[in-house]
Amino acid sequence: MEPLLEVKDLYVSFHTQAGVVKAVRGVNFTVNKGETLAIVGESGSGKSVTSKAIMQLLPDHSASYDSGKILFDGQNILEISDKKMESIRGSDIAMVFQDPMTALNPTMTIGKQVAESVMRHEKISKKAALQRAIEILDLVGIPEPATRVNQYPHQFSGGMRQRVVIAIAIACNPRLLIADEPTTALDVTIQAQILDLLKEIQRKTGTSIILITHDLGVVANMADKVAVMYAGKIVEEGTVEEVFEQSEHPYTWGLLKSIPNLEANEQLYSIPGTPPDLLSPPVGDAFAARNEFAMAIDYEVQPPMFAVSKTHTAATWLLHEKAPDLSTVIQSTERELERTKRRDRKDFAKTDSIIQVHKLKKHFHMSGNSYLKAVDGVSFDIRKGETLGLVGESGCGKSTTGRTIMRLYEPTGGEVYFNGKPIHGDLKKQDENRIRQKMQMIFQDPYASLDPRKKVIDSVAEGIDIHKLAASVKDRRDIVQNLLEIVGLNKGFMNRYPHEFSGGQRQRIGIARALAVNPDVIIADEPISALDVSIQAQVVNLLKDLQHEQDLTYLFIAHDISMVKYISDRIGVMYLGNLVELAPTDELSKEPLHPYTQALLSAVPTPNPKIERGRERIILTGDLPNPMNPPTGCRFRTRCPYAMEKCKETPIWKEAKPNHFVACHLIE
Amino acid sequence: MTNTNLEKYEVKETEGVFREDSFKVVGAKKESQDTIARPHVGILKESWLRLTKNKGAVVSLVIISLLVLLALLGPYMNEYTYEQTDYDKAFQEPNGEHWFGTDKFGRDQWTRIWEGTRISLYIALLASVLDLAIGVIYGSISALVGGKVDNIMQRIIEVLVGIPNLILIILLIMLMKPGIFTITVAMVITGWVNMARLVRSQVFKLKSQEFILASRALGASNGRLIKEHFIPNTLGLIIVNMMFTIPSAIFTEAFLSFIGLGLQEPLASLGVLINDGFEGMRNNFYLLLYPTLVIVGLMICFNLLADGLRDALDPKMRK
Amino acid sequence: NFSDSSNGNSDSKDGSKDEKKTLKLSLENDIPDLNQVKTTDGISFGILNNIMEGLYRLDENHEAVPAMAESVEISEDKLTYTFKLREGVKWSNGDPVTAADFRYSWLRAIHPDTAGSYAFIIADYVKGAAEFVEGVATDSEVGIVAEDDTTLVVTLNEPTPYFLGLTAFVTYFPLNEKFVTEAGDDFALTTENILFNGPFTMTEYDQAAGVKLVKNDKYWDKENVGIDEVSLKVIKENSTALNLYEAGDLDRVYLSSSDIQSYQDDKEFGTESKFNSWFVQFNLTKAPFDNVNIRKAFQLGYDPEILTAQILNNGSTPASGVVASGMAGVDGKLFRELNPDLVTPNVEKAKEYLAAGLKEIGGTLPAIEILTADDTIAKDTATFLQSEFKKNLGVDVNISTKPYSGRLQAMRDDAYQMGINKWGADYNDASTYMDLWVGTPASPLRGHYSSTVYNDLVAKSKSETDEVKRMDYLLEAEKALVVDDAVIAPLYDEGKAFLQNAEVTNFTIHPYGAPLELKYIKKK
Amino acid sequence: MKKFLAVRIVNILVTLFVIATVTFFLMKLLPGSPFDEEKLAGLSDEDRMEFYARYGLDQPVAVQYAKYMGNLVKGDLGISYYYKGQQVESLISSRIGPSALLGAQAALLGVSIGLILGMIAAFRHNTMWDFFTMFIAVIGVAIPNFVFAALLQYYVGLKWGILPVAFWESYDSSILPTIALSMMVIALIARFMRNEMLEVLQQDYILTAKSKGLSQMNVIIRHTLRNSMIPIITILGPITVSLLTGSLVIENIFGVPGIGSLFVDSIKVNDYTTIMGLTLFYSAFYILTILVVDLLYGIVDPRIRLTGSKG
Ligand SMILES: Nc1ncnc2c1ncn2[C@@H]1O[C@H](COP(=O)(O)OP(=O)(O)OP(=O)(O)O)[C@@H](O)[C@H]1O
Ligand SMILES: Nc1ncnc2c1ncn2[C@@H]1O[C@H](COP(=O)(O)OP(=O)(O)OP(=O)(O)O)[C@@H](O)[C@H]1O
Ligand SMILES: [Mg+2]
Ligand SMILES: [Mg+2]
């Protein structure tokens with residue numbers, strides 16, 4: 001196989017006021033033609049920075065390439081002219097950026113944004129380029145692409161935007177596609193579509209793909225090779241099977257161990273400690289401080305890459321010939337490793353509800369007389385101390401439901417009660433204030449939800465300031481420090497600004513902010529989507545512990561069904577503004593009643609390459625119908641494999657079994 | 001396990017790298033990374049630190065301080081006072097006795113210019129304060145509350161702009177004595193309108209952003225939103241706009257003085273001196289040149305400083 | 001919409017013999033109105049004076065000489081004037097100019113429906129006119145009779161020795177009734193809607209841009225009109241006019257005081273003066289100027305010579321009384337020659353007066369403010385006075401600047417202590433000034449001055465038929481006003497400095513009435 | 001959209017009505033009258049009132065107001081007191097031409113140069129380019145435009161003889177005043193553009209644009225321009241109004257028969273009808289510009305939606 005891209009000993013650092021952040025510290029990898037390399041690793045380990053370095057898109061004024069080479073087709077990208085680089089971008093190397101919400105120009109039509117790239121590299125007419133754009137959009141599964149090309153990004157849901165970003169990247173059949181968390185924002189069904197699409201493209205055009213993701217299931221599904229990054233270095237590289245089954249680096253072990261087991265009922269494992277601050281990376285192995293098998297040398301000398309096989313390398317002194325045989329060591333630490341038994345799921349059926357939502361509606365006024373019915377008559381209650389999971393396709397109204405409960409949107413109709421008292425409509429100032437402290441929200445888009453001009457300490461402490469929870473400046477700082485530690489961030493991050501963080505780090509800042517006011521209820525909108533599994537586990541454990549200690553109640557909105565299943569006591573499934581099924585977690589996973597729920601569950605990828613390769617799943621055809629003009633009757637009927645004549649009537653919300661609600665004509 | 005080193009990543013096994021106990025498992029270290037990398041400094045102090053790294057801004061700050069000092073002390077640096085006339089010495093080019101020459105009354109320009117700078121600096125300060133105290137607040141509230149309130153507030157601005165200023169100003173002369181105070185009142189009436197509209201447009205843009213929602217969710221009041229989020233995020237624009245309000249206020253003052261509302265002879269501001277100098281620019285160019293130089297100097301420094309400030313307050317701009 | 005007039009420059013370049021003689025002048029402001037009965041401003045007057053003509057016209061020496069009229073007979077009691085019109089005088093449309101045209105125009109000027117603010121200049125003199133204005137008399141009762149096409153008989157209230165000069169004034173110009181009625185509301189708004197009988201006709205007219213005049217070939221005296229074409233363009237900015245002059249685009253330009261210095265020795269430099277007297281009006285009812293000694297102190301406490309020579313430097317001449325120095329007196333002597341040196345600056349005496357006055361008012365002066373308009377000359381004058389009072393009398397005076405109408409209003413509202421004021425003569429006789437202070441009742445605008453002695457003198461001058469005696473009364477009146485009562489403090493007679501193309505000669509600016517006179521100009 | 005426009009038009013009419021009313025009463029408080037008061041000074045108070053009566057100015061202000069508004073509804077702005085006999089409508093329309101031409105040219109020139117300078121400064125942030133551009137921008141506001149005008153006139157017109165010194169005779173006459181007028185616009189636009197561009201350049205979608213391989217130029221033109229436009233449009237509104245309605249000083253300096261000095265003059269001479277006419281003209285123009293600006297917001301940034309009353 002011919003190498004297409006070789007990254008050799010790449011060092012990248014950021015010059016910030018506090019000092020030099022050494023984000024990438026000697027990264028080496030090779031991507032061959034037609035191959036998919038997955039990069040996984042700690043959030044903040046330098047995955048995005050590395051990929052931006054390949055694109056030469058790091059901010060000029062603060063980033064510096066300290067040493068190393070990036071050879072693309074034998075040509076060192078770091079040395080070629082701007083002009084040359086421009087012609088490589090888009091046509092030879094294309095990239096899908098991590099954050100789809102901000103990656104599209106808000107004032108340019110989708111069609112133009114896609115066509116632009118085609119026009120730049122293929123020198124074809126505007127009209128032809130637009131035609132191509134429509135084809136590509138169709139390819140990535142945007143419904144009615146011919147009309148959609150004239151719309152603007154804000155008229156697209158998050159998932160659709162993600163697909164547009166992918167469309168832009170693949171528009172010119174690049175030889176290398178770098179996809180930075182391409183499916184993080186997507187629900188599992190669409191994720192499955194996208195991954196299939198990428199594979200399809202690869203098969204047709206022989207594109208090489210660098211896939212950055214924290215979802216090991218996706219890795220198992222897609223990748224040929226995996227590189228594991230930690231603290232700016234690649235610590236292990238090998239074929240999927242090698243990494244998943246014979247991993248050598250303790251960090252990889254930790255990662256794999258952190259994956260929630262769909263069936264298991266125990267506390268999630270997470271790697272203890274916090275990742276190192278890259279301002280002053282440790283001298284030896286960066287992972288040493290969190291590595292229970294660390295040896296003295298790990299604190300002194302950086303380990304080299306040891307070859308395990310032709311394709312498998314790992315950077316850990318454990319592979320040195322003088323290293324002790326781990327089997328003995330593992331024995332001695334067995335006790336520590338042993339996973340604590342998870343608490344049993346409580347039966348919340350009899351508990352009082354803390355939040356009651358009754359026929360909640362939120363319609364957004366569009367132009368003229370048209371309304372977008374984002375939430376259209378949703379009723380459920382959340383009981384004290386429970387976790388209610390909310391899942392559903394992107395754009396189905398999960399966030400809107402959460403936000404309307406939070407009083408961030410004025411409901412169009414329906415009622416919301418908190419502890420039995422209505423909290424919809426006008427409230428007295430003090431009541432409002434009280435609710436604001438009692439109910440908190442973790443926002444879906446971590447970057448956008450942080451004021452770019454505020455330091456982390458001030459963002460996190462905002463609630464503390466508002467509700468005057470800190471006695472002194474020092475007190476305030478201590479609280480923030482403590483919170484950062486809780487969410488697995490370095491205390492030193494306190495004085496940094498949001499743009500200086502990686503996606504996952506930002507998400508944790510958002511969590512810390514919500515926790516700061518000691519709320520009773522937290523509406524967590526995708527709180528862990530951008531985190532690597534270990535930190536996901538850490539956060540989930542944290543949420544669980546807090547719930548246990550403080551009797552917290554969660555509304556947990558997420559795409560990642562396995563995580564939702566793990567954390568939730570009950571799960572609600574939404575489709576196009578309606579709740580279609582609501583049941584206790586175990587019941588739902590064992591016996592999903594609604595066809596949509598069934599499809600959703602089947603699409604969840606598992607972090608096992610062997611299973612993933614051969615798996616069949618129910619792939620829903622078509623896209624989410626236009627929420628401005630939803631189908632009559634059962635809204636799912638346009639995509640339902642079992643749709644029948646009767647489905648043209650609106651199904652009623654009924655309790656099919658005790659505590660198991662569903663709205664489907666199939667269930668009588 | 002086959003522990004073979006790849007040639008590519010060869011370790012130099014030099015003497016001393018490995019010790020006896022190098023490969024003894026010692027386990028994780030809990031406290032090893034608990035260092036706070038960046039000392040906590042207040043946002044103001046940090047911005048100040050960043051500002052001082054900007055050469056242009058520092059030089060500007062020094063020059064502004066110098067000009068302010070001259071405005072305070074300049075008039076006392078020679079024996080003339082600003083109103084002292086000497087008809088035999090009218091229209092003297094700058095010389096050893098009159099450093100900036102004399103005007104048609106034989107008054108010492110040096111003294112008059114620094115006296116005038118003092119007044120113009122006051123006007124600049126006033127304009128900035130108005131911009132900030134009324135314009136920014138008005139604009140933010142209008143955009144933030146939105147709906148009917150916004151509608152009414154915008155109509156009020158339209159009415160204020162629509163009524164001819166000059167009429168109001170002449171009426172003011174009738175009502176009160178001309179002077180600094182009257183100028184102040186005249187400027188209060190409409191001096192802040194542009195700022196209000198600009199801030200409003202910006203706040204509209206920011207209003208629906210996620211981080212504002214996040215702050216709302218935490219229970220932030222409108223006042224807090226304005227103070228903590230809208231103003232900091234609009235600051236670039238505010239500063240840029242102020243760089244226009246200031247000179248235009250200085251010249252508005254000159255115009256007001258010219259039609260008798262403002263300063264009364266023999267007091268003069270820089271704007272008035274420039275107006276006067278303009279009349280004689282063909283033959284006594286120095287009368288126009290020096291006050292213009294002072295004002296241009298001041299404005300360039302203000303701008304460099306403001307740019308520095310803007311960058312210093314924008315965390316993304318920093319090096 | 002650019003006016004498509006060709007540039008005047010090209011004509012002068014190809015020096016062919018019978019080339020048109022053109023003159024390029026500027027106007028300092030817009031032309032508000034060419035409707036002669038309503039207009040009030042100097043610019044409109046100046047244009048009208050050259051496109052129309054009254055019974056008399058002022059000559060190069062500002063004396064009234066017969067124009068539309070060939071001759072006049074004045075009755076013994078000096079109350080009846082019988083004008084004989086010139087044969088064959090014509091409007092620009094070919095119609096003859098008749099006595100009826102004058103009657104129509106004059107009646108129109110005083111008719112309540114059509115009159116403007118200059119109605120008084122007819123109504124004050126012509127018999128029955130005031131009653132006509134009030135509406136109590138019909139037009140047949142007014143002393144204006146057109147006996148035939150060429151004979152106009154005018155009856156006056158009082159002997160008015162300067163009446164012939166008045167007939168040269170714009171308000172006294174004729175109008176053709178038929179034409180005016182046809183033009184209706186559009187009268188005098190465009191070149192087509194106005195008839196000419198003066199030395200020039202107007203071919204272009206734009207209020208904001210200016211006018212173009214062309215020699216009138218129907219004019220009775222066209223042989224003596226030296227210029228074929230005149231353009232008058234609105235240029236409000238002094239420095240622009242100067243640039244244009246230097247570029248050869250103007251033949252004459254007024255200089256602002258700061259430019260005078262450097263052109264003073266040019267041969268193109270000149271000055272002209274107007275019957276425009278500047279003076280300080282004291283308010284006799286406001287402390288401290290209710291005290292005559294203090295008024296005198298302030299009157300003597302500065303030297304206007306310094307002001308005119310050092311600061312204004314524009315041809316203005318220091319004044320020693322209120323009547324403009326160039327104003328006619330009697331027997332070929334000027335008024336000022338008969339009444340010289342009413343006020344001569346004297347700091348010592350001023351201090352004495354001040355001391356005396358202070359004693360009388362009990363020791364201290366209240367805060368004093370001097371009211372002035374907002375134009376440069378007025379402001380400079382105020383600044384000068386302020387510094388002189390400080391220097392010479394040790395008195396601090398504040399300046400209060402107001403816009404034109406604001407100053408006037410403040411004075412009318414009695415809200416001033418002393419104000420810088422000016423008066424421009426409408427005709428060449430001292431009574432144009434002396435009438436102002438005949439306060440019955442006393443006017444705050446005139447400092448509440450009301451003196452029986454003064455009023456008596458002025459009244460006597462009105463009915464006196466003997467010229468010398470009449471003049472004596474007026475001379476006495478000025479003395480009473482300025483010296484005895486010190487109601488005003490004289491400043492200067494306004495002058496203007498200009499540069500003028502050396503090829504242009506006989507340029508005449510009348511010091512009163514309608515200033516601009518193009519008829520006599522010659523150009524090489 | 002239709003509803004939005006309808007609501008706005010009603011709003012505009014109400015605002016204009018308020019402006020007209022307030023201005024009318026304030027104007028009546030101005031000292032003096034539209035006549036040559038110095039000449040009228042000789043008259044007794046009684047005679048003066050009689051004189052005013054000929055123009056209906058003796059009546060109570062409220063009655064005058066009612067009459068004026070009555071005529072206004074019929075579209076009659078009345079006859080000027082100063083430019084006697086002139087209908088105010090025709091007075092304005094005869095003067096607006098040159099001002100509008102100059103204003104439009106200056107706006108065009110100023111905006112295009114300003115945009116270019118602003119972009120250069122942003123792209124070459126903290127370099128000599130940036131400094132030079134901002135220096136020009138500062139000069140543009142710190143030196144009053146009449147000084148520029150005078151210098152241009154003196155050198156370009158008189159000394160070098162390239163263009164006419166003044167007068168309004170051919171197209172050439174409009175060049176110098178246009179340049180003088182545009183200085184301020186250049187300065188403003190350049191400053192605001194630079195600021196906005198710096199902001200926009202940090203956005204993620206700029207990275208996306210770059211990742212398509214677009215050249216710097218294309219990134220600027222296609223992606224940053226439109227996104228930087230909101231503040232530019234906001235300030236452009238008032239600028240256009242003040243440019244198109246003429247600049248007193250520049251018109252005076254270049255002898256342009258425009259509308260600039262009319263406003264100031266009419267207030268000075270208490271030309272009531274002209275004041276009112278110009279006020280209404282000016283404010284209607286201003287308010288319409290703001291409406292256009294608001295509509296432009298929606299066009300420039302599709303996220304900003306127009307609604308009737310809710311924001
Ligand atoms: N502009 C910047 N200035 C300073 N530090 C930065 C900047 N961008 C990234 N970093 C730092 O560089 C490190 C690597 O960031 P990067 O975005 O590559 O992480 P990542 O591996 O993509 O993480 P995630 O999975 O959370 O997205 C992080 O510690 C981050 O704080
Ligand atoms: N402020 C808004 N104005 C107009 N439409 C909106 C607004 N917010 C959300 N929507 C629309 O409402 C629908 C539901 O959006 P919502 O954000 O609740 O979806 P979601 O279930 O959270 O999706 P995702 O998983 O992609 O976050 C979408 O079609 C979206 O386009
Ligand atoms: Mg990343
Ligand atoms: Mg969402």
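By convention in this document, chain letters (A, B, ...) are assigned in the order of the sequence lines, proteins followed by strands, and residues within each chain are numbered from 1.
When each of A:Ile93, A:Asn105, A:Val118 is checked for heavy-atom pairs under 4.5 Å with chain D, A:Asn105 comes out on top. If you tally non-hydrogen atom pairs under 4.5 Å between each of D:Val300, D:Leu207, D:Leu201, D:Asn218 and chain A, the highest count goes to D:Leu207. Of the listed residues D:His223, D:Lys210, D:Met229, D:Gln216, the one with more heavy-atom pairs under 4.5 angstrom with chain A than any other is D:His223. The greatest number of non-hydrogen atom pairs below 4.5 Å with chain D, out of A:Met108, A:Met55, A:Met95, is found for A:Met108.
With a 4.5 Å cut-off on non-hydrogen atoms, A:Gln56 does not touch chain D at all. In this structure, the portion of A:Ile168 lying under 4.5 Å from any heavy atom of chain D is its side chain and not its backbone. Proximity to chain D (any heavy atom under 4.5 Å) is shown, for A:Ile88, by neither the backbone nor the side chain. Residue D:Val200: no heavy atom, backbone or side chain, is found under 4.5 Å from chain A.
A salt bridge is absent between A:Asp180 and A:Lys52: the closest approach of a Lys/Arg side-chain nitrogen to an acidic carboxylate oxygen does not fall below 4.0 angstrom. Using a cut-off of 4.0 Å between Lys/Arg side-chain N and Asp/Glu carboxylate O, A:Glu116 and A:Arg132 are scored as not salt-bridged.
The backbone N or O of A:Glu410 sits less than 3.5 Å from a side-chain atom of A:Lys362, completing a donor-acceptor pair.
A cation-pi arrangement is absent between A:Arg161 and A:Phe156 under the rule of less than 6.0 angstrom and at most 45 degrees off the ring axis.
Inter-residue side-chain proximity for A:Leu4 and A:Arg175 is flagged as met; some heavy-atom pair is nearer than 4.5 Å.
Taking the centre of each ring, A:Phe364 and A:Tyr409 come in below the 6.0 Å mark.
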